[in-house]
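Notes to accompany the following structure.
A note on names: the letters A, B, ... follow the listed sequences, proteins ahead of strands, and every chain is numbered from 1.
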There are 2 protein chains.
Amino acid sequence: MSYPQETFLHTTLLPGSLVARRRAVVSSSTLSYQLDVLKETGRYDAFKLQWHPTYSHAAETWPVPKHLFWDSDVGKWIEGACYCLVDQPNVDIENAIKELVQMIRSAQQPDGYLNIHYTVVDPEKRFTNLRDMHELYNCGHLIEAALAHNHLYRNDDLLEPMLKYVDLLCRKFGPGADQIHGYPGHPEIEQALLRLHDRTQDPRHLELAQYFITERGNPNGVEGENYYVVEAKRRNEPPAMRPRAYPEPDSLWYCQAHKPIVEQETIEGHSVRAMYLLTAVADLVKSQNSPNHRLKEAAYRLWDNMVDRKMYVTGGIGAIKQWEGFGIDYFLPQGTDDGGCYSETCASIGTMMLAERILQYDLNRKFSDILELCLYNAVLTSMSHDGTKFTYVNQLASSEQDLSKREEWFTCACCPPNVLRLLGSIGGYIYTQARASEPSQAQINVHLFIPSTYQFQVDGQDATLTQKSNWPWEGRVAFELKTKSDQVNLALRVPGWAKSWKMSPPPPTETLQRGYLVLPATWLSSNPSFTLEIALTPRLIAPHPYTNQDTLTLARGPIVYCIEDVDNAWVQDHFKTVQLDPHCKIDEITVTDKDTNDAYVALKVIKGASLMNMDALHASPDARIEELDKATGADAKIIEELIFVPYYFRANRGGRGQMRVGLKRWNK
Amino acid sequence: MSYPQETFLHTTLLPGSLVARRRAVVSSSTLSYQLDVLKETGRYDAFKLQWHPTYSHAAETWPVPKHLFWDSDVGKWIEGACYCLVDQPNVDIENAIKELVQMIRSAQQPDGYLNIHYTVVDPEKRFTNLRDMHELYNCGHLIEAALAHNHLYRNDDLLEPMLKYVDLLCRKFGPGADQIHGYPGHPEIEQALLRLHDRTQDPRHLELAQYFITERGNPNGVEGENYYVVEAKRRNEPPAMRPRAYPEPDSLWYCQAHKPIVEQETIEGHSVRAMYLLTAVADLVKSQNSPNHRLKEAAYRLWDNMVDRKMYVTGGIGAIKQWEGFGIDYFLPQGTDDGGCYSETCASIGTMMLAERILQYDLNRKFSDILELCLYNAVLTSMSHDGTKFTYVNQLASSEQDLSKREEWFTCACCPPNVLRLLGSIGGYIYTQARASEPSQAQINVHLFIPSTYQFQVDGQDATLTQKSNWPWEGRVAFELKTKSDQVNLALRVPGWAKSWKMSPPPPTETLQRGYLVLPATWLSSNPSFTLEIALTPRLIAPHPYTNQDTLTLARGPIVYCIEDVDNAWVQDHFKTVQLDPHCKIDEITVTDKDTNDAYVALKVIKGASLMNMDALHASPDARIEELDKATGADAKIIEELIFVPYYFRANRGGRGQMRVGLKRWNK
């Protein structure tokens, strides 16, 4: 099995690209910045199992206390650090990892149990609230940390205690009469267990992952009822008592436990949970010798529902703040003033993981296009250029209530260390190696155009595939395959948004297979160097009419653009009244920002937009079309120049936090 | 003081108009239909204080049990019946009222307490959950029933027990150290007490109403906290336990108790509660000798916020189902598929009551335009032509989940008997009599054009004002004033939507005063007969751009139109993909429906609309404008003919329940 968390070791990012720069800043700054925060907030020392004042705070988001995720924050940081240390050694970081690992080991209970909250704060209540209390989620992240740690250091210092904890879980959870028939409210451990199984080949690890996945949402799990319903009764929770995230009683869809996954028709609830769960589902589908077709179909069905009807133009998912998740089909308001928009960073990282998993068994551009969309927009937008400020929510339009700006940290701090993990292992998302039709051959699939080299073995020979480009700003990608073997096949993704593309020398066929250009070994052996040139021209994206958003969004290649007050200082209303002409001319400007030293292509629209005259519009419910036509037409004021910058680059240059992605279409 | 519940006695509807027909069917059918339902469901006998099986049902909408409103259902039916019996005697109805009054009297406890639930089901808990349990709401409706009963029968059979109950309340509630510092979760008793005070002149009745209004939302009401917060603690309710309607903990805005009314900037929460509360506020403003300016301003501010930003084109209010109330500004989805729409019947009845109250001290078309809008659309749409089927929710677009259809009754049955009360007393909304500048003169304001006579006294003389028309289908209204006095002044509303109007003979001035045409006594005495002709031409209404609805709605005069599958049988998607040309030609067709015998003007658009080609649209997040343009433009299919009927008339002729008010604007 191959996982990006491991295959990234085969990939070396060439310096200078946008992604390489972001990964470099993670290594050089974010790691130590986050380590400081872990220390300052008490997370670092938490595995010492002493009382921390935070533990006494009331659970504002009942029943979840503030410190509930601390285990995972530490675990994710260790995991991300282990990925970055591979090519950027750092003694301070390594020492911290060592100390943390020792603390984690010492925090383990004699029976293998390992959790801060349920050891220090509430030791009598282990495994009594799987629905809300993130016990298994924390364990999952620590397993993933242990796998990364083991991979880097080739020792079992962290893996050993985790295996011991997993032993306990394998005894505790399962279909047996004396076992708990539950599953984690927040999926994560499923992915971790599947990766662990890949490493250990211990069948119990696969079985437990499979049990958590297939038992989930069983309507007759315990005593003829859903496990969570029975669990809540055992806690003597009155039915009217519900987690803060539940808009209504019994909102088990919040954690995708309202019915078995194979019966779920639409993607619902907390979007990070959904993505982590489906990533594990896709992994299980791939892992199984006799694939579970119903699980496979469920993953496709939920993917399609999500991408076609519940995904923002930035790759963000989750319209609803209260449950940090999905709304109804086509409900995609851009920001708080429009009725919502959450688009959590972790959710789009989860989408990338899910896409990567599916691409392992289904090479189809529809997955890699979304992988790239998420990376360059919803995910990269979540970290400042210098790697020390983050977003959790990534709305597409600011409002007075929710300005477009980044924070130093969060009480619930899942996102910042998730970016660390993702960028640390980003190389693993660029290429996948699949089983070739001939056993002696190699089949390399190229999903992303990030300047890099990929090293692999084929037919007993070393091989290196290199791609060089100024992606995402220029569309010319030069590939070079270096190997003595003539047994390498390639498949190159041609992005769905590409209006045109050409190869030099011309490929053997111009027909794409599910969006991939297939270059067979026979052709490659005589054409080891070639360029793919993808047209990168600005385009206008229009949301589906069912979204009720008559807006236009600028994009160029994989980059989605936004407009900010920094470049358009006159704005007072978060660009709510800006109208963009669908026939406007869009100029490209190459910029190197002097403060951040980030280079990018900005877009400029001259006299192609206008401001509605809101004074001419009275708001009462029976306004006439003539009035609206006047406000948006004759009375509208031409805007001399509008400047757009990449959405990921927003909030890097100060300003007042006014920003918008989709602008009203100007119906002239 | 004048209240429509009493002044309607001065008005006689001329038979044949839409409103007169609906009121007649209420008298002839609805009253006895609803009486049967009251009997079948247990409500009729509930004041016998026996156990009913329903009392054992679980509170699905915790903490509100199903039977909690039964007192009010009976009270509202009695009230409505008393209005209808004025001109349509009915022995069966009268006997039922007699029996109910006797049962209510016998249900009263020795100390005056009178409530079914807290006498039969939970006798130890009186006044311990004002927030949720509708105890004072029920009392308010019984007071209003008693006032109507007293007015009709000129006896105190029902008023006497209610006065005794109010005595108890006056002792229990108030600012005194030994009194409860609470107020009703669902306002209603405030209006009732103000009307009661008008009848009794007992200062305690005014004081209690005033206390409930001004104490509401006091952040330091009890022990330095909001009363409801303390009340919940006294009930030992864990903070995580919350009523079903509360999306989040502490959602006191649900019942407009998050802060004092005078500090509320926007209208929030349950829309019926908000309207009942503000009606009482407006009444209090009018009642007080030294008006409370802050209350007055609050009523205006909340009215403007509601009408300008939170009202549907039908006069409906409330976008959100969960709390049956207001969403954020400009969030006005048309139906479930668009993200919501509640528009409860009672809420628009409440809006009419509020508008009427304000018109008593502020003669301004902006209030009466909304009064008329609500009546002919959001309210009339809630009852079938034969008066036996009702809607509770009045969405502007149907969906598979929420078809456009009426029901026979509801578990929470506030709306059907509310229509009874409203239509029973509708005459009281047509005219108001204000203080004239000269004491000997009369000032009659005409707000609605419903064919009717209004009888009044002026300067010791009888006077009758008659208006005849075929409103709302024809705009010519013939007025005739008959009196020996020459001291009558009139003010006629000229609707804001009227493109043009003319009078014959010409009025002394064509200048409107805040939307009213003022006809002074001097002119009227020589022109006692005149006609006002208001142009009724179809028009297109466009919602505010901030609503993100690029739709067009057909209207003609006060009537808002919808499109139904009955007339447009090809529809399969609830008209989601119909696009209407803003320059379409709209034909008028006079129809007399053969089944219902209802006459109305239908509207027809020939080749002025098209169907988007949804096959040409893929739904993923990065669809190009070119694709949308094709689906809505070149590939769209012209619709030969679209038929529109009045929204109030929907769901009267069978069909599949597919309906829509606002159609996508066709951007050609």
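- For B/Leu540, the parts sitting under 4.5 Å from any heavy atom of chain A are the backbone and the side chain alike.
- Within the 4.5 angstrom heavy-atom criterion, only backbone atoms of B/Pro243 (N, CA, C, O) approach chain A.
- With a threshold of 4.5 angstrom between heavy atoms, A/Thr336 approaches chain B through N, CA, C or O but not through any side-chain atom.
- Only the backbone of A/Tyr312 comes within contact range of chain B, with at least one heavy atom under 4.5 Å from a heavy atom of that chain.
- Only the side chain of B/Pro249 comes within contact range of chain A, with heavy atoms under 4.5 Å apart.
- Within the 4.5 angstrom heavy-atom criterion, no atom of B/Asn305 approaches chain A.
- Side chain of A/Arg539 to backbone of B/Ile625: no donor-acceptor contact under 3.5 angstrom is found.
- Both the backbone and the side chain of B/Pro247 have a heavy atom closer than 4.5 Å to some heavy atom of chain A.
- Proximity of B/Lys664 to A/Asn548: side-chain heavy atoms (C-beta onward) are separated by under 4.5 Å at one or more points.
- Within the 4.5 angstrom heavy-atom criterion, no atom of A/Asp304 approaches chain B.
- Both the backbone and the side chain of B/Ala240 come within contact range of chain A, judged by heavy atoms closer than 4.5 Å.
- Of the residues considered (A/Arg665, A/Lys310, A/His544, A/Gln322), A/Gln322 shows the highest number of contacts with chain B, using heavy-atom pairs under 4.5 Å.
- Here A/Lys576 is the residue among A/Lys576, A/Glu627, A/Met306 with the most heavy-atom pairs under 4.5 Å with chain B.
- The contact between A/Pro545 and chain B is made by backbone and side chain atoms together, counting heavy-atom distances below 4.5 Å.
- With a 4.5 angstrom heavy-atom cutoff, B/Asp337 touches chain A only via backbone atoms.
- Residue B/Leu332: no heavy atom, backbone or side chain, is found under 4.5 Å from chain A.
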